[in-house]
Structure formats: C-alpha cells, structure tokens
S.K.: 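Attaching a single structure in structure tokens format; questions to follow.
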Protein chains: 2
Amino acid sequence: MVGSVQFGNVAERREQPPALAVSTVIFALRDDDRTGRKGLWLPLVRRTREPFLGQWALPGGPLGARDSLVDAAAANLRDTTGLIPRYLEQLYAFGDPARSPTRRVVSIVYWALVRENDAQHTESAATSVLLDDPNVAWFRADDVEVMEHLAFDHSRIIDYALWRLRNKVEYGSIAHRLLGERFTLAQVRGVYEAVLNKSLDPANFRRQLRAAADIEETDEFLSGGKHRPPRLYRYSGSTSHPLESETIS
Amino acid sequence: MVGSVQFGNVAERREQPPALAVSTVIFALRDDDRTGRKGLWLPLVRRTREPFLGQWALPGGPLGARDSLVDAAAANLRDTTGLIPRYLEQLYAFGDPARSPTRRVVSIVYWALVRENDAQHTESAATSVLLDDPNVAWFRADDVEVMEHLAFDHSRIIDYALWRLRNKVEYGSIAHRLLGERFTLAQVRGVYEAVLNKSLDPANFRRQLRAAADIEETDEFLSGGKHRPPRLYRYSGSTSHPLESETIS
DNA sequence: TGAATAGTGTCTTTCAGACACTATCGG
DNA sequence: CCGATAGTGTCTGAAAGACACTATTCA
C-alpha cells in the first residue's frame with residue numbers, strides 16, 4: 001500500500017514541497033456596547049477561493065520572494081485590509097500536515113496592533129480603497145473565540161494570539177500602540193481592562209503604571225469631558241523583544 | 001535593470017520558492033569547572049556541505065513531507081545528535097532573505113531541553129552510534145555567544161534562545177526537564193543558578209519554589225553526601241503553553 | 001452647585017530578601 | 001566530635017490592593 005498511486009493526493013504531496021504563507025492576527029480597540037468598556041476587535045477577510053470559499057479567514061498570502069517575513073506580513077496587511085499596523089510581532093509557525101485540505105501549507109503568523117483611528121479608516125475614510133468592502137469585517141475577539149466557521153485552523157490561531165496578548169500586556173509597552181501618540185492614563189487603563197477583561201482600580205493602576213512603564217508626562221491636558229481634564233502622557237520606551245523591530249511610524 | 005538576466009542569482013531566486021528547514025537549539029546542564037556551579041551547554045554539528053562547510057552549526061535539516069514541525073525537529077535531532085529531548089518548543093521562524101548565501105531558506109527553529117544523563121550518552125554510551133563522532137561537540141552556552149564562526153545566522157539564533165530560556169525559567173516547569181524524574185530542591189536551585197548565572201539564597205529559594213511551582217515531595221531521600229540527606233521531589237504540573245505538547249517520555 | 005472623573009494619602013496584606021538558627025547525615 | 005548541607009523561623013522593606021479623601025472641570 002505504501003507508495004500506491006491510488007491516493008493521488010498523497011502521492012502528489014510527497015513530490016511538492018510545503019508552501020509557505022504569512023498571515024496576521026490584527027487587534028484594535030473599540031467601544032463595546034455590551035460591557036460599556038472598550039473591547040478588543042479584529043478584522044477578518046472573506047475567502048474568494050477554494051478551499052473554504054466564502055468563509056472568514058485571517059488576512060494573509062504567500063511569502064513574497066524578496067521580502068523578509070515581517071515585510072511580507074506588513075505588505076499583505078496593507079493590500080488586503082488597508083491597515084498599517086503600529087506593531088507587528090511574530091506569533092508562531094503553524095505547520096500541521098493536515099491543516100489545509102489541499103496542498104500542505106506552513107503558515108508563519110504575525111500579530112499586529114492598530115490604533116482605533118487607523119482601524120476606522122477601513123470603514124469610513126473616503127480615501128480608503130476598501131470603503132464598503134464586503135469582504136472585510138470586524139468582529140469582537142470574544143465572539144471569534146466562539147465562531148466555528150473560520151477557514152483552516154484560524155480559530156485556534158486566534159485563540160493563541162489572544163493568549164499571547166494577555167500574557168504580554170503585563171510587560172507594558174503594548175497599550176500605547178493601540179492608542180495614539182498622546183494618551184491619558186485612563187485610556188491606558190481602558191486597554192488593560194479590555195485585554196484582561198476586568199475592571200482595575202484607577203488609583204492603584206496609576207501608581208503602578210507610573211512606576212513601571214516608560215511613560216512620561218506632557219504639558220498638555222485633554223479637555224472636553226464634563227470633569228477635570230486629565231493630563232496627557234507619551235510613551236518613551238522601546239520593545240523588550242530582541243528580534244522584533246520598533247514601532248512602525 | 002529590473003528583470004535583467006545579468007544577475008543570474010537574483011533571477012533564479014525569484015523563480016524557486018523559499019526552502020523550508022527545521023533546526024533546534026539544545027540545552028543541557030553540565031558541571032562547569034570555571035564557576036564551580038552547573039552551567040548550560042549545547043551541542044553543535046559540523047557542516048559537511050557548502051555553504052559554511054566545516055563550520056559549526058545548529059542541528060537541523062529539511063522539513064519531512066509528512067511530519068509536523070515538531071516531529072521533524074525531534075526526528076532530525078535523533079538522527080544528527082542521537083539525543084531525545086525531554087522538552088521541545090518552537091522558538092522562532094527566521095526568514096531573512098539574506099541569511100543563506102545560496103538559495104533562500106526559511107528556518108523554523110525549536111529549542112530543546114535534555115537531561116544531563118541523556119546528554120552524556122552521546123559521548124560515552126557504547127550503544128550510541130555517535131560515539132566519538134568528531135562532527136558533534138558540546139560548547140558552553142556563554143562561549144557560543146562569543147564565538148563568531150558559526151554558520152548562517154546561528155549565533156544570533158542561539159542568543160535569542162538563551163534570552164527566551166532566561167525569561168521562561170521563572171515560569172517554573174523548566175527545571176525538571178533538565179533533571180531526572182526525581183530531584184532535590186538543591187538540584188533545582190542549581191538549574192536556576194546555571195540559567196540565571198547567579199547564586200540564590202537556599203532558604204528563600206526553597207520557600208518560593210514550594211509555594212509556586214507544581215512540585216510535590218516523595219518519601220525518598222538522597223543519601224551518599226557527607227551531610228543530611230535531602231528529600232527527593234517530583235514534578236506534577238504541565239506546560240502552561242497552549243500550543244506545545246507535554247514532556248516527551 | 002452637583003455630577004463626574006482626575007489625582008493623592010494611607011492602611012493592610014503579601015511577598016521577596018537577609019540571615020540566624022536548628023536538624024541530621026558521613027567521617 | 002566536626003564539617004557540611006538540609007531545612008525552619010523571623011525580621012525588614014517594597015510593592016499590591018482596598019478605599020477614603022481632595023481637586024478641578026462642565027453643565
């Protein structure tokens with residue numbers, strides 16, 4: 001039986017080497033009416049080809065011949081979703097022989113953080129080529145964990161990305177990539193609350209953040225709320241990860 | 001100029017897809033005469049082909065057509081070094097276009113932990129096919145960080161593996177994979193001291209370890225030293241990493 | 001003025017580190 | 001007995017969490 005030609009599929013597979021693809025899990029912060037807090041959202045694209053035609057999947061594509069892995073991820077992100085991430089880090093390489101029903105594919109998956117404003121562009125900005133693109137949609141991260149209609153093993157990949165994000169947020173340096181250049185400490189607390197999915201004491205959070213993270217105060221304040229205007233802060237540190245590059249400006 | 005055939009190298013590259021390889025950084029604990037403590041060592045293999053013929057490199061090879069990534073790493077490890085690791089976790093995928101001088105190679109790198117006794121087998125056991133193999137040698141991890149004659153970007157890869165190991169050791173569950181099934185708390189302390197490269201207070205270490213890690217005591221004691229025999233302990237937890245499998249028995 | 005959030009003070013508990021002390025082996 | 005390591009007790013200082021309190025804005 002071994003080596004039989006009966007199962008053409010298997011025989012073919014042995015000949016051709018595994019294909020390489022690069023995909024990305026993108027996270028952004030958005031208002032969540034259900035909790036009243038900010039929540040984590042992520043965009044998915046609808047597949048336009050077999051296999052899994054019509055189902056939602058992570059944005060991704062083949063590895064360009066001359067791009068580095070991270071460049072390939074960034075380029076593909078721009079092409080498929082119009083997003084330019086503020087942060088891009090390698091997540092994991094998925095290479096299970098059975099993860100694609102057709103030819104074997106090894107996917108190197110990145111995870112990205114985009115700012116709330118950037119994320120809105122894909123929907124509302126007139127300049128965006130993806131305005132009203134029905135093949136890109138945003139989902140609550142918690143919902144995706146439940147959805148079972150994602151292509152390939154993408155549901156599992158998203159689970160893992162969430163796990164990594166939650167384990168990483170403690171290192172600081174994540175929050176400001178989901179926010180703008182300047183931000184209030186309450187906004188940072190919002191990020192932590194969204195990622196960890198629980199409320200935090202404002203007083204203690206403030207103290208810990210000021211003591212630990214590389215955040216420095218500016219002279220500016222944010223007015224407009226019906227309360228005392230909070231001071232704006234700025235991030236001054238850099239990645240602690242030796243293999244990942246700095247924030248993309 | 002673009003598309004010119006003059007640079008045959010570049011033209012060829014664009015045609016053929018990147019090759020996939022799987023390599024592994026292996027760590028074991030060994031006595032280190034220099035510090036008097038245990039230290040971290042790792043095996044390298046001498047390259048028998050161009051490029052980098054004759055230079056030391058991480059054990060690795062192409063991805064088998066039907067193996068999962070981790071299976072490919074384990075199989076290759078056995079073939080090239082005779083080692084069967086107790087722990088195997090994906091480290092990172094390296095895909096820089098220029099990391100190989102010939103054809104483009106994307107390497108998915110794992111890191112492994114082996115027990116001290118297992119590691120000695122490659123040198124002394126008569127059953128090992130690799131007895132006296134001049135193409136496998138062990139190096140102090142600290143020395144490798146300095147060596148500049150490694151093939152490809154393997155020096156950088158080892159640096160990163162050490163960084164990950166040092167950042168991971170705090171999560172517990174690492175130590176017992178470098179030791180045997182049963183171990184004394186002083187041995188575990190030895191692992192921490194080797195990895196973190198500093199001495200730790202025995203009393204405080206004991207307390208923290210017992211409180212945090214999933215370690216349970218046995219009824220056995222280790223006699224033979226010229227002092228009170230220490231109790232032997234056993235590990236009872238499991239990986240905290242959702243994508244990596246359990247210890248290989 | 002009152003609602004709302006910004007921001008501070010302080011008490012308690014928990015935990016890491018320092019280190020003195022007791023226990024028990026081999027020789 | 002002594003030398004050596006196992007293992008316990010306890011003090012101190014730093015930091016986390018709870019929560020009362022003051023400050024400042026807009027409506």
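Chain letters run A, B, ... following the sequence lines, proteins first and then strands; every chain starts at 1. None of the values given here were measured: they were computed from a predicted structure.
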S.K.: Could you state the CZ-P distance from A:F183 to C:dA6, rounded to the nearest angstrom?
M.R.: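 Rounded to the whole Å, the gap is 15 Å.
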
S.K.: From the list C:dC25, C:dA6, D:dG7, which nucleotide is the closest neighbour of the side chain of B:F221?
M.R.: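 Nearest nucleotide to the side chain: D:dG7.
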
S.K.: Roughly, in whole Å, what's the span from CD in A:Q187 to C1' in C:dA6?
M.R.: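 After rounding, the gap between these two atoms is 13 Å.
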
S.K.: Please report the distance, rounded to the nearest Å, between NE2 in A:H227 and C1' in C:dT1.
M.R.: 18 Å

S.K.: Go through the steps for B:H241 and A:Y160 under the test ring pair (Phe, Tyr, Trp, His ring centres under 6.0 Å), then give the verdict.
M.R.: CA-CA 9 Å; B:H241 194 109; A:Y160 178 58; 5.4 Å; yes

S.K.: So how far is it from B:W56 CH2 to B:N135 CG, rounded to the nearest 0.5 Å?
M.R.: 6.5 Å

S.K.: Hey, does the side-chain of B:D201 have a donor or acceptor N/O within less than 3.5 Å of a partner on the base of C:dA16?
M.R.: no

S.K.: Give the rounded distance in Å between these two atoms: CD of A:E193 and C1' of C:dT5.
M.R.: 13 Å

S.K.: Measure the spacing between CG of A:D143 and CH2 of A:W41 and express it to the nearest 0.5 Å.
M.R.: 7.5 Å

S.K.: Would you mind reading off the distance between B:L200 atom CG and D:dG7 atom C1', rounded to a whole angstrom?
M.R.: 17 Å

S.K.: Which comes earlier along DNA chain D counting from the 5' end, the contact point of A:S223 or that of B:P230, where each point is its nearest nucleotide?
M.R.: B:P230

S.K.: Side chain of B:N204, heavy atoms from C-beta onward: which of C:dC25, C:dA18, D:dA6 has the nearest atom to it?
M.R.: C:dA18

S.K.: Tell me if the side-chain of A:R207 makes a donor-acceptor pair with the base of C:dG7, cut-off 3.5 Å, by modelled atom types.
M.R.: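 It does not, because no donor-acceptor pair links the side chain of A:R207 to the base of C:dG7 below 3.5 Å.
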
S.K.: What is the distance, rounded to the nearest whole Å, between atom OH of B:Y233 and atom C1' of D:dA6?
M.R.: 9 Å

S.K.: So, applying ring-ring contact (aromatic ring centres under 6.0 Å, His included) with B:H176, which one of B:Y233, B:Y192, B:Y235 is it?
M.R.: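 Output: one option passes, namely B:Y235.
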
S.K.: Please pick, from D:dC26, D:dG17, D:dA4, the nucleotide with the shortest atom-to-atom distance to any side-chain atom of A:K226.
M.R.: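 Side chain of A:K226 sits closest to D:dC26.
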
S.K.: Between A:A203 and A:R228, who's closer to the 5' end of DNA chain D by nearest nucleotide?
M.R.: A:A203

S.K.: Would you kindly give the NZ-to-C1' distance between A:K198 and D:dG17, to the nearest whole Å?
M.R.: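 Atom NZ in A:K198 sits about 11 Å away from atom C1' in D:dG17.
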
S.K.: Quick one: which of D:dA6, C:dG7, D:dC19 gets closest to the side chain of B:A186?
M.R.: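 Closest nucleotide among those given: D:dA6.
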
S.K.: How many angstroms lie between CG in A:D32 and CZ in A:R140, if you round to the nearest 0.5 Å?
M.R.: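 A:D32 atom CG to A:R140 atom CZ measures 4.5 Å (nearest 0.5 Å).
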
S.K.: Give the rounded distance in Å between these two atoms: CD of B:Q208 and P of C:dC15.
M.R.: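 One finds 11 Å between P of C:dC15 and CD of B:Q208, rounded.
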
